[in-house]
Amino acid sequence: MTMLKVLKAFNTRVQRFKAGDEIPDDTDLSPHPVGGLTERGFLQAPSAPKSAKSKQAEMPAEQA
């Protein structure tokens, strides 16, 4: 599970978040979309996880 970092304080329908909070990415942030909060600087953009292809590329190729 990844965590989102709050950069600026904001409220949802049921919670308040302050700068520095870390929240699970599956938290209900209604009525705000995560993308909108990220674009407007309220949430730090989540880092992209490495794909299986990039892990294979990092491994040295076996010689036959």
Side-chain angles (χ1 to χ4, degrees):
M1 177 183 303
T2 58
M3 301 291 278
L4 300 171
K5 183 158 184 155
V6 178
L7 301 176
K8 289 194 248 180
F10 68 95
N11 297 334
T12 66
R13 290 182 181 153
V14 296
Q15 281 183 282
R16 293 180 183 173
F17 298 99
K18 64 182 186 306
D21 285 349
E22 290 193 1
I23 54 176
D25 62 349
D26 61 350
T27 302
D28 181 15
L29 300 175
S30 298
H32 310 291
V34 172
L37 290 168
T38 303
E39 287 175 6
R40 293 181 296 165
F42 287 93
L43 293 176
Q44 183 176 16
S47 59
K50 290 186 175 183
S51 67
K53 286 184 179 180
S54 66
K55 287 182 183 177
Q56 290 175 353
E58 291 174 2
M59 296 175 59
E62 292 183 23
Q63 296 178 355

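What you see below is based on every heavy atom in this structure, not just the backbone, and it leaves out hydrogens, waters and symmetry mates.
- Distance check, rounded to the nearest 0.5 Å: CD1 of Ile23 to NZ of Lys5 gives 12.0 Å.
- Using a 4.5 Å heavy-atom cutoff, the side chains of Leu7 and Leu43 are not in contact.
- For the pair Asp28 and Val14, the minimum side-chain heavy-atom distance is 4.5 Å or more.
- At a threshold of 4.5 Å between non-hydrogen side-chain atoms, the residues Val34 and Leu29 count as touching.
- Linking ILVMFWY residues whenever their side-chain heavy atoms come closer than 4.5 Å, directly or via other members, leaves Met3 and Val6 in distinct clusters.
- One finds the CZ atom of Phe17 at 9.5 Å from the CG atom of Leu4 (value rounded to the nearest 0.5 Å).
- Between Thr27 and Gln15 there is a side-chain heavy-atom pair separated by less than 4.5 Å.
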